[in-house]
Amino acid sequence: MDRYEPLRRRTIALVGLMGVGKSSVGRRLATALCLPFRDADVEVEAAAGRSIPDIFAELGEPAFRAGERRVIGRLLEGPPHVLATGGGAFIDPVTRALIKARAISVWLKCDLEILARRVGRKDSRPLLAGKDPLEVLRAQAEVRYPAYAEADIAVQTGDTAHHVTVDQVIRALSAHLGEPAE
Ligand code: S3P
């Protein structure tokens, strides 16, 4: 048995605000643990046959959330993997309950100023379109942090390289499972 075997028994779901690195950290975490990686946003886009901005514009946010629920429910029925969720997924009570029942949830936290700088460079997020990113993130933090706080583990990240966060997450997971990290 290798040292990461205990970390491969359940799906690891990354939750947290936009820009915190759920997808980029998740992909690297999956590689480090030899687990498959799934990105809920990408799977929702594939299921809907259109991009997230188009889903929001053409079908509306409630339809996006319903799709997100279905997709995450389906993924969680499959074998263990690292799952990057979209920032709002863990706020939906049904999706949150699914994740809590079938995965280890990890809240990636980061200063809002750092997140605002990161998300400001992209225009693929409909909730930010035409708005001040820091204001949106502050409002989201107020509403969402109580839900994110229900995650099994919280990991504070910063403006560091992704591999540093991956190491932090692996240590936190090992501690949560009562396993030595190395
Ligand atoms: C959203 C975050 C996005 C995406 C959608 C809605 C949110 O995912 O699911 O635009 O509600 O915070 P990321 O967190 O990967 O940006």
Side-chain angles (χ1 to χ4, degrees), residues 11-30 36-76 81-100 103 105-151 153-159 162 165-166 169:
T11 287
I12 299 164
L14 303 181
V15 308
L17 289 177
M18 296 183 268
V20 77
K22 300 179 297 288
S23 300
S24 40
V25 169
R27 193 170 293 111
R28 289 169 175 81
L29 178 67
F37 172 71
R38 298 280 180 274
D39 189 314
D41 283 346
V42 171
E43 303 275 343
V44 172
E45 289 183 321
R50 54 192 114 187
S51 68
I52 289 180
D54 286 351
I55 301 172
F56 270 72
E58 292 165 21
L59 307 174
E61 182 169 349
F64 172 76
R65 296 297 169 203
E68 189 174 49
R69 258 193 313 271
R70 279 195 300 277
V71 159
I72 290 178
R74 168 172 57 76
L75 290 170
L76 289 172
H81 58 278
V82 175
L83 173 62
T85 66
F90 205 62
I91 311 310
D92 180 280
V94 176
T95 308
R96 185 164 70 249
L98 281 170
I99 293 173
K100 287 173 76 165
S105 45
V106 181
W107 175 16
L108 295 183
K109 292 174 87 164
C110 184
D111 287 353
L112 300 182
E113 285 74 16
I114 296 176
L115 294 186
R117 270 204 307 279
R118 281 193 203 146
V119 298
R121 291 196 286 261
K122 277 182 140 191
D123 61 358
S124 55
R125 294 179 168 107
L127 296 178
L128 295 173
K131 302 198 176 120
D132 173 32
L134 187 54
E135 267 173 35
V136 173
L137 289 163
R138 278 202 184 117
Q140 287 191 341
E142 186 141 338
V143 173
R144 294 179 172 189
Y145 274 17
Y148 292 149
E150 290 184 38
I153 298 170
V155 173
Q156 179 74 39
T157 74
D159 230 348
H162 292 311
T165 307
V166 169
V169 172

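One-based numbering along the sequence shown. Counting starts at 1 for both ligands and their atoms, in listed order.
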Centroid-centroid under 6.0 Å between Phe90 and Trp107 rings: no
Where ligand 1 meets Gly88 - atom numbers and elements under 4.0 angstrom, heavy-atom basis: 7 (C), 11 (O), 12 (O)
Spacing of Phe56 atom CZ and Leu127 atom CG [to the nearest 0.5 Å]: 4.5 Å
Minimum non-hydrogen distance to atom 6 (C) of ligand 1, winning option of Glu61, Lys22, Arg65, Gln140: Arg65
Backbone N/O of Thr95 and side chain of Arg69: donor-acceptor pair under 3.5 Å: no
Side chain, backbone, both or neither: Leu127 near ligand 1, heavy atoms under 4.0 Å: side chain
Qualifying residues under side chain to side chain donor-acceptor pair (under 3.5 Å), relative to Gln156, sequence neighbours excluded: none
Shortest protein heavy-atom distance from atom 12 (O) of ligand 1, along with the residue and atom involved: Arg144 NH1, 2.7 Å
Electrostatic pair Lys100-Glu150, nearest N-O below 4.0 angstrom: yes
Numbered atoms and elements of ligand 1 in range of Ile52, under 4.0 angstrom, heavy atoms: 10 (O)
SB check Arg138 Glu113 (cutoff 4.0 Å): yes
Which residue and heavy atom of the protein sit nearest atom 3 (C) of ligand 1, plus the separation: Asp41 OD2, 3.6 Å
Nearest-contact summary for atom 2 (C) of ligand 1 - protein heavy atom, Å: Gly87 N, 3.4 Å
Whether Glu45 lies under 4.0 Å from ligand 1, heavy atom: no
Numbering as shown, the atoms of ligand 1 that approach Gly86 to under 4.0 Å (heavy-atom distance): 8 (O), 9 (O), 14 (O)
Euclidean distance, Glu43 CD relative to Arg74 CZ, rounded to 0.5 Å: 5.5 Å
Proximal atoms of ligand 1 relative to Pro126 (non-hydrogen, under 4.0 Å): 10 (O)
Cationic N near anionic O, under 4.0 Å, Asp39 to Lys22: no
Ligand-side contact atoms (ligand 1) for residue partner Arg125, heavy atom cut-off under 4.0 Å: 16 (O)
